[in-house]
S.K.: 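One structure follows; several queries about it will come next.
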Amino acid sequence: MTGIVSFSLCAEELNRNVLPYKKKLKEKIFEGEIFSESHVKSSTISNKKIQNLNFSIAGLHEKSCVYALKTLSLYESYSKLLDFVKESTYNEKTQELNFQLKHVLLPYDMLLIFKLPRITKEGAYPFVFEQGILKDLKGTIYAINYQNRCLFYSTAAWAGPSTGFPDIIFEFFSQTLAKLTMEKLFRISSTLSH
């Protein structure tokens with residue numbers, strides 16, 4: 001893959017209806033609850049163990065997208081914002097993002113390398129993991145203006161050789177770490193002066 005194109009959509013096309021959740025869950029999200037879910041399923045195909053991951057997360061930031069993204073788009077600063085991100089770098093030209101992670105929820109230190117456009121305004125932004133145990137994981141991050149607040153919603157899907165982690169453990173750390181990350185980034189980006 002040579003690059004990723006950012007698809008910035010107009011507000012009429014990209015709205016709260018992008019959330020695929022049931023009405024009650026959507027209501028909780030619009031009341032300020034962050035929702036994260038991860039489903040992992042193993043199977044065997046031609047004597048090879050395969051794992052499938054389907055993930056989503058959604059949360060409504062208390063500030064507008066313009067305000068929130070001033071901080072959230074600075075990927076290279078995440079090592080200063082999140083204690084489990086030991087190093088963070090971003091290459092503007094290649095849109096390559098590198099995170100070195102260390103957290104008690106992770107079974108071991110991890111290096112995440114993926115392509116993601118810099119999210120500076122509302123829109124839909126595709127991403128892909130090009131290396132590591134989740135190679136070829138693909139997803140999209142949506143930043144949506146909702147009543148002068150920023151709704152963030154992301155999905156990701158992956159299928160590949162078994163990671164070696166039991167499905168339930170893989171679900172737990174992907175779901176929990178994502179939720180903790182969004183909660184902390186929302187807090188930080190709501191209080192920082194710009």
Side-chain angles (χ1 to χ4, degrees), residues 1 4 7 16-29 32-61 72 75 78-79 81-88 95-117 119 124-144 151-186:
M1 180 170 208
I4 290 183
F7 300 102
R16 71 184 244 159
N17 294 325
V18 75
L19 297 180
Y21 310 125
K22 293 183 179 178
K23 185 179 177 186
K24 289 217 180 261
L25 181 52
K26 282 185 183 183
E27 288 171 359
K28 287 182 178 181
I29 292 166
E33 186 176 310
I34 291 173
F35 175 74
S36 173
E37 70 177 344
S38 182
H39 298 286
V40 178
K41 186 176 180 182
S42 289
S43 58
T44 303
I45 300 173
S46 301
N47 293 327
K48 292 182 182 177
K49 193 169 179 186
I50 303 294
Q51 275 184 314
N52 290 278
L53 165 71
N54 285 294
F55 171 84
S56 75
I57 188 168
L60 183 62
H61 198 284
L72 298 179
Y75 311 137
Y78 278 29
S79 60
L81 304 176
L82 300 167
D83 56 359
F84 63 89
V85 178
K86 299 307 174 190
E87 286 185 41
S88 53
Q95 298 182 335
E96 186 176 275
L97 178 57
N98 294 307
F99 286 149
Q100 185 178 12
L101 308 179
K102 182 175 185 168
H103 193 277
V104 294
L105 290 177
L106 294 173
Y108 54 79
D109 295 357
M110 290 187 176
L111 182 62
L112 292 184
I113 300 172
F114 54 105
K115 285 193 180 264
L116 172 67
I119 303 172
Y125 298 85
F127 63 91
V128 64
F129 285 30
E130 293 190 323
Q131 298 179 36
I133 64 169
L134 299 179
K135 185 179 185 305
D136 297 327
L137 176 145
K138 293 180 181 170
T140 304
I141 297 172
Y142 299 87
I144 304 161
L151 172 64
F152 289 94
Y153 169 63
S154 182
T155 60
W158 171 80
S162 174
T163 60
F165 305 120
D167 294 351
I168 192 77
I169 300 297
F170 193 2
E171 284 180 0
F172 174 76
F173 74 71
S174 57
Q175 180 175 306
T176 305
L177 194 56
K179 185 175 182 184
L180 292 171
T181 300
M182 185 175 272
E183 288 171 350
K184 184 151 189 188
L185 286 174
F186 275 18

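What you see below is based on every heavy atom in this structure, not just the backbone, and it leaves out hydrogens, waters and symmetry mates.
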S.K.: Is it the case that the side chains of Gln51 and Asp167 hold a donor-acceptor pair, with the cut-off being a distance below 3.5 Å and no angle test?
M.R.: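 Yes.
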S.K.: Which is it for Leu82 and Phe99 under the side chain to side chain contact (heavy atoms under 4.5 Å, CB included) test, yes or no, and what are the steps along the way?
M.R.: CA-CA 11 Å; Leu82 300 167; Phe99 286 149; over 6 Å; no
S.K.: Less than 4.5 Å apart, side chain to side chain, heavy atoms only: is that true for Tyr75 and Ser88?
M.R.: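 They are not in contact (no side-chain heavy atoms under 4.5 Å apart), so the answer is no.
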S.K.: For atom NZ of Lys86, is the number of surrounding heavy atoms from other residues, nucleotides or ligands below 6.0 Å larger than 12?
M.R.: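 Yes, because the 6.0 Å sphere around NZ of Lys86 holds more than 12 heavy atoms from other groups.
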S.K.: Heavy atoms only: give me the nearest Ala156-Leu137 pair and the separation to one decimal.
M.R.: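 The answer is CB-CD2, 3.9 Å.
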S.K.: Taking Glu171 for its side chain and Val40 for its backbone only, find out whether a donor-acceptor pair lies under 3.5 Å.
M.R.: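 At least one qualifying donor-acceptor pair exists.
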S.K.: I need the minimum non-hydrogen distance between Thr181 and Leu177, along with the two atoms involved.
M.R.: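 Heavy-atom minimum between the residues: OG1-O, 2.7 Å.
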S.K.: Please examine the side chains of Leu53 and Thr163, heavy atoms only from C-beta on, and report whether any two atoms are closer than 4.5 Å.
M.R.: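 Heavy-atom side-chain distance check fails, nothing below 4.5 Å.
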S.K.: Any side-chain heavy atom of Phe172 within less than 4.5 Å of one from Ile168?
M.R.: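 The answer is no; the side chains never approach within 4.5 Å.
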S.K.: Applying side chain to side chain contact (heavy atoms under 4.5 Å, CB included) to Lys28 and Lys24, what does each step give before you reach the verdict?
M.R.: CA-CA 6 Å; Lys28 287 182 178 181; Lys24 289 217 180 261; 5.8 Å; no
S.K.: Mind checking the NZ-CZ spacing from Lys138 to Phe114? Nearest 0.5 Å is all I need.
M.R.: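 Reported to 0.5 Å precision, the distance equals 15.5 Å.
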S.K.: Is there a side-chain contact between Phe129 and Trp158 (heavy atoms, below 4.5 Å)?
M.R.: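 The answer is no; the side chains never approach within 4.5 Å.
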S.K.: I'd like to check Glu96 versus Ile113 (side-chain heavy atoms, cut-off strictly below 4.5 Å). Are they in contact?
M.R.: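 Touching, per the 4.5 Å side-chain cut-off.
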S.K.: If you measure from CZ on Phe152 to CG on Leu60, what distance do you get to the nearest 0.5 Å?
M.R.: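 Nearest 0.5 Å value for the CZ-CG distance: 9.5 Å.
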S.K.: Between OG of Ser38 and CZ of Phe173, what distance do you get to the nearest 0.5 Å?
M.R.: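 The CZ atom of Phe173 is 8.5 Å from OG of Ser38, to the nearest 0.5 Å.
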S.K.: Between Ala58 and Leu19, which heavy-atom pair has the shortest distance, and what is it?
M.R.: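 Scanning both residues completely, I find the closest heavy atoms to be CB-CD2, 3.9 Å.
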S.K.: Would you say the side chain of Tyr21 lies within less than 4.5 Å of the side chain of Glu37, judging by non-hydrogen atoms?
M.R.: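 Counting from C-beta outward, Glu37 and Tyr21 do come under 4.5 Å.
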S.K.: Taking all atoms of both residues into account, what is the closest heavy-atom pair of Asn52 and Ala159, and its distance?
M.R.: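 Heavy-atom minimum between the residues: OD1-CB, 3.0 Å.
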S.K.: For Thr140, does its backbone N or O pair with a side-chain atom of Ser154 as donor and acceptor, under 3.5 Å?
M.R.: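 Side chain of Ser154 to backbone of Thr140: a pair is present.
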S.K.: Distance check, rounded to the nearest 0.5 Å: Gln131 atom CD versus Leu111 atom CG?
M.R.: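 Between Gln131 CD and Leu111 CG, I get 7.5 Å after rounding to 0.5 Å.
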S.K.: How long is the gap from CG on Asn98 to CG on Leu101, to the nearest 0.5 Å?
M.R.: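 That separation rounds to 10.5 Å.
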S.K.: Give, for atom CD of Glu33 and atom NZ of Lys26, the distance between the pair rounded to the nearest 0.5 Å.
M.R.: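 The NZ atom of Lys26 is 15.5 Å from CD of Glu33, to the nearest 0.5 Å.
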S.K.: For Ile34 and Glu183, work out which heavy atoms get closest and say how close.
M.R.: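 Closest approach of Ile34 to Glu183: CD1-CG, 3.5 Å.
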S.K.: Would you say that Leu97 contacts Tyr78 through its side chain, given a criterion of any heavy-atom pair below 4.5 Å between the two side chains?
M.R.: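 Answer no - side chains too far apart.
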S.K.: Given side chains that start at C-beta, do those of Leu72 and Ile119 come closer than 4.5 Å, heavy atoms only?
M.R.: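 No. Closest side-chain heavy atoms not under 4.5 Å.
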S.K.: Locate the shortest heavy-atom distance separating Ala178 from Ile57; write the atom from each residue and the value.
M.R.: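 Heavy-atom minimum between the residues: O-CD1, 3.4 Å.
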